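Written below as structure tokens is the structure these notes are about.
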Amino acid sequence: MVISKHLKFPKTLVSGLHHFQTKWKTTSTDSTLNRLFLQEPNIAEATKTLELTSNIEVSTYNRLLDTCIRSKSLKEGKKIHHHILKNKPNIKNTSLLEKIACLYVACGEIELARLVFNEIKKPGIFLWNSMIRGYAWSGPFDRAIDLYYQMLDSGLKPNKFTFPFVLKACSTLMALEDGKEIHEDAKRVGLESDVFISTALVDFYAKCGCLRGAYQVFEKMPERDIVAWNAMIAGLALHGLFEDAMGLVSDMQKGGKSPNSSTAVAVLPVLGQAKALHHGKGLHGYCIRRFFYNDLLVGTALLDMYAKCECLSYSRRIFDIMSVRNEVTWSAIIGGYVLCDQTIEALEIFDQMVLDEALKPTSVALGTVLRACSKLNDLARGKKIHGYSTKNGLILDIKVGNSLLSMYSKGGITEDAIRLFDEMKSKDVVSYSAIISGFVQNGNAEEALIIFRKMQQLCIEPDLATLLGVLPACAHLSALQHGQCNHGYVTVCGYASDIAICNALIDMYSKCGRISIAKEIFDRMPRRDIISWNAIIAGYGIHGLGTEALSLFHDLLSTDLKPDDISFISLLSACSHSGLVTEGKHWFYKMSEHFKIMPRMEHYICMVDLLGRGGLLDEAYDFIRRMPLEPDVRVWGALLGACRIHENIELGEAVSKTIQKLGPEGTGNFVLLSNMYSAVGRWDDAANVRIIQRDQGFKKSPGCSWIEIGGILHAFIGGDQSHPQSALIYDKLKELLVDMKKLGYQADTRFVLQDVEEEEKERILLYHSEKLAIAFGILNLRSDKPIFVTKNLRICGDCHTAIKFITVIIKRVITVRDVNRFHHFKDGTCNCTDFW
DNA sequence: ATAGGGTTAG
């Protein structure tokens, strides 16, 4: 056969072919192919030649297949396979079949390889190893382990290639027990101290969370190459042990081994995590000396480390000079900008990546950008990304889904959050935590607890972050029993020593009325951060224990911690609740003078409240006028509240005009103004305010009070008759009213804003939500138990008076937590000294 | 090498 007739090589594609054609013109097909296939670019054409003949020798097939394996030519390999099946259907040549299987593994077609593998009676060790490696690389990973055991069953002894492959599968699956058994096998066949196998074992133990195991293997190694050192260092880094990792790096250098770029890449993330900027800079210098800085991975890891240390300008400089960047580099720099609160810039860089560089956003980049949208509350942009993710199938990535979930729920679009949550195919702890925290942050703590329960029913174990969402929900609802239950869970899980958890517990107990337990937790903390102090100071504040709050603040000053802006909000509001005007003024002054903290609007609100409650109305007014910030409606609201307490109509009217101009927020200001007019008997004016309120479309958000009994929250709104015990509750209140009147109680009908008869007003007052909840508590709690009610708004003035009488009648302590603070009623008095 | 959920005030 004359080959030149059939082989038409396009000259442009294969260089030097002319020479080839002339030289081998007259040879047989077999030898032609043999020669031809030694040159990899010719494979495609060569397989065409193959189709023209049926009689090919096994040795030729072998050579063809070797070439295909080297060049990972799947298409051509398949043709050769078909050729063999067609022309030599009964071939029993194992080596040929093994080669085909190896070819498929090399091309990542593990299932095809498996089909061939299954046809081979006694596969050799090389093929077993190839198959195990194939599964260990691309999964299903458990098949790698299965094959390993099958191989042992077939009587073969694993060799030094087998162990690293199967151990890789074990570490991916976190299959600690299987790996340990395989470790024993390695010892039995005397291969434990092989460098490759030991290194694989170190890597396996570290990735499975068993650092001790990793170190034991590492220590026993008779010789360690740089890969072995890197495996151990990476293991320590993986566990966040940056000091140990750095220690090992210097041990390695003492042993005469120089860290390479992989060492740097392993260590840099943990340096960033620990914000160990100093070490990071040192390593950066080393990388420059060793010329690693041109390495893509090193560059990316360096810029990420600097970003984590909040040294964004360094990150940027590295990013700018990197000659090669990939999508990971871009994600890292975008993430750095988001972390450092340069959110707009982060989005600009993302646009640059997509538009200028035409890089396809990965799910990691999208997750990061969604966090940026969430921080900016740019939900429109977030929704666009949602659309893009859906179109490109990235929505199936759970991290993208969770980022979206978090954005929607933090952004307050609960419906979108819930819809997405229901649509998500796979949900994990993070999904649940995201939606729970979202609900809590948007004031829907009840829904948060409902989802929390659902999650537990589905046996999804809450983790630390979940509890950090749930505990504030309990705090918000004053759900002490739920909170205690979660405290128990925290302890069982071993989170009880976590600072953030303790902070959340302090807040929960103090909002649930158990300030002494809050203090106990605070006292027992081995280490505290500024949040711990803020939480306990605020706790004392809302309980009306201003002196204690001040004394804790003094304690704080003797620590290494510095009070922050929130410490002062907590302290000033504590002073305000306890009428500590002098102290409050002192610390407000010190705050900027000594601590160099610029007062924010919130601080001014606290000060106006403090001065106003203290009766210094003119000073408060003056204070507002001298504010460097434009006072907002909340500042004026605080002054109006003070005008009502001290019945200063003249100032109150002026203030309310200002509030009208600014646009009143909610209804609190209308209620205050109306109450103020009623208080001095200007009924027409009071009525007028209510008409304006109605005309402007402000509806009073309903007052709601609740009480937790037996772990169940019983909620009431005014005049509510929906509770099963309604009749009993109403009877109880009527009975109490009779006794209260005997003691001199008179319904304070000024607090009824509806325009109705006096008698009706009394009736309305009697069935206010806080009174209903208290009556329910009296009926359902043992007489030695304190009654604790929570209200979503400020407590009503008449209720405040009535509850004092009730404590005399029933001889029990009653606590009401309203939106501002605690009211501890006992023996006819309230600890707020009526300055609520 | 990048990567989702998190505690304090008002």
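The sequence lines fix the lettering, A, B, ..., with proteins before strands; numbering per chain opens at 1. No experiment lies behind these values; they were computed from the predicted model shown. Only this structure's heavy atoms are used, side chains among them; waters, hydrogens and symmetry mates stay out.
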Atom [atom1] of [X] to atom [atom2] of [N]: distance rounded to whole Å?
X: A/Phe350; N: B/dT2; atom1: CZ; atom2: P; value: 19 Å
X: A/Met322; N: B/dT2; atom1: CE; atom2: P; value: 13 Å
X: A/Leu312; N: B/dT2; atom1: CG; atom2: C1'; value: 15 Å
X: A/Gln273; N: B/dA1; atom1: CD; atom2: P; value: 12 Å
X: A/Tyr337; N: B/dT2; atom1: OH; atom2: P; value: 18 Å

| task | Taking side-chain contact (heavy atoms from CB on, under 4.5 Å) as the test, write out the residues that go with A/Asp529, two or more places apart. | result | A/Ile499, A/Asn503, A/Ile531, A/Ser532

| task | Give the B/S/- string for nucleotides 4-10 of chain B, one per nucleotide from 5' to 3', where a protein heavy atom under 4.0 Å of the base yields B, of only the sugar-phosphate yields S, and otherwise -. | result | BBBBBBB

| field | Set of residues satisfying ring pair (Phe, Tyr, Trp, His ring centres under 6.0 Å) with respect to A/Tyr509, sequence neighbours excluded | value | A/His487

| request: Kindly assign one of parallel, tilted or perpendicular to the pair A/Tyr604 and A/Phe623, based on the angle between their ring planes and the thresholds 30° and 60°. | output: tilted

| Excluding sequence neighbours, so at least two apart, what forms side chain to side chain donor-acceptor pair (under 3.5 Å) with A/Ser437? | none

| request: Provide the full list of side-chain hydrogen bond (donor to acceptor under 3.5 Å, both in side chains) pairs with a residue in residues 368-377 of chain A, sequence neighbours left out, each pair given once. | output: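 For residues 368-377 of chain A: A/Asp341-A/Lys375.
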
| request: Sequence neighbours left out, what pairs pass salt bridge (charged side-chain N to carboxylate O under 4.0 Å, His left out) with at least one residue falling in residues 315-336 of chain A? | output: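 Output for this query lists A/Arg316-A/Asp320.
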
